[in-house]
Amino acid sequence: MTGLEKIVEKIAAESLEKCNSIISDAEKKSDELIAENRARANRDSEAIVAEGRAKAKKINLSAKAKAESITRTKYLEVKNAVVNDIIAAAYEKLDSMDSDSYFDFLLNLCAKNAADGEGIMYLSERDLDRLPEDFEEKVNSLIFEKGALMISKTPGKLENGFILVYGDMEVNCTLRAVFDEKHDLLKDLLGKALFTE
C-alpha cells in the first residue's frame, strides 16, 4: 500500500469515526428532545384533562342546581295549586251546605263578629228566601250582651254570608271576605297538613 493510500485510508477512518460520533450525538440529542417533548405532552395533556374535568364538574353542578331549582319551583306551583283547589272546594262546600247547617254556620260567624250596639244584618236574596223564621231571634239571643241586630228585608249586594252595618261601620262577613282574610292562614295550615314530611 502506498503512502497516499494510507493517508486516504486514515482520513476515511477518521471521517468515519467523526461521522459515527456526530450520528451518536445527534441520536442522543434526538432521544433527549423526544423524552422532553413526551414529558411536556404528558404534562399538557394532564392539565387539559384536569381542566376538562373541572369544567365538566362545574357544568354538572350548575345543571344539577338548575334542575333542583326547576323541581322546587314546580313543586311549589303544584303545592299552591292543590292548596288553592282545596280552599276553593271548602268555599263551595260551605256555600252549598243544607240550610240548617248553613244558617248554624252564620250564627257562629255572627257571634264572633258582632260589634257593640244596634245594627242591621244584610243577607243575599237567596239567603233571605230560605231564612229560618227564628233566625233573627237566635242571632239576638247570641249577642244580647253586645247589642242587637235587625235583619234587613232588602237583600244586600252579596253572594252569601252577611254584612253587619253599625252606623258608618260595616263588618263584612261574606264567605268570600272570610276566606280572603284567612287565606294565608288556611294555606299555611293545609300546607303543613298535606306536605309535612
Linking I/L/V/M/F/W/Y whenever any side-chain heavy atoms sit under 4.5 Å apart, do Tyr166 and Val139 land together?
yes
Is there a side chain to side chain contact (heavy atoms under 4.5 Å, CB included) between Leu94 and Met97 once you walk through the steps?
CA-CA 5 Å; Leu94 277 176; Met97 281 192 292; 3.3 Å; yes
Do Val165 and Phe135 land in one hydrophobic cluster if side-chain heavy atoms of ILVMFWY residues count as linked below 4.5 Å?
no
Note: Asp95-Arg126 ion pair, threshold 4.0 Å (strictly below)
yes
Show, in sequence, the C-alpha distance, side-chain angles and deciding distance for Asp98 and Ser101, and conclude whether the side chain to side chain donor-acceptor pair (under 3.5 Å) test is met.
CA-CA 6 Å; Asp98 65 83; Ser101 300; 3.0 Å; yes
Would you kindly confirm whether Ile151 and Ile163 end up in one hydrophobic cluster when ILVMFWY residues are joined by side chain heavy atoms under 4.5 Å apart?
no
Separation between CG of Leu164 and OG of Ser152, rounded to the nearest 0.5 Å
12.0 Å
Are side-chain heavy atoms of Leu142 and Lys138 found at a separation under 4.5 Å?
no
Please tabulate, for side-chain N and O atoms in residues 108-122, each donor-acceptor pair with protein atoms closer than 3.5 Å (sequence neighbours left out).
from	atom 1	to	atom 2	distance (Å)
Asn113	ND2	Leu109	O	2.8

Is there a path of hydrophobic side-chain contacts, each under 4.5 Å between heavy atoms, that joins Leu123 and Phe105?
yes
What do you reckon, is CD of Glu137 surrounded by more than 12 foreign heavy atoms closer than 6.0 Å?
no
Which pairs, with at least one residue in residues 151-177 and sequence neighbours excluded, count as a salt bridge (Lys or Arg N to Asp or Glu O under 4.0 Å)?
none
Following the transitive rule for hydrophobic clusters with a side-chain heavy-atom cut-off under 4.5 Å over Ile, Leu, Val, Met, Phe, Trp and Tyr, establish whether Phe162 and Met169 coincide in one cluster.
yes
Point-to-point distance, once rounded to the nearest 0.5 Å, from CZ of Arg130 to CD of Glu125
12.5 Å
Donor + acceptor pair across side chains of Asp127, Tyr102 (<3.5 Å)
yes
Mind listing the closest non-hydrogen atom pair of Leu131 and Phe103 along with its distance?
CD1-CE2, 3.5 Å
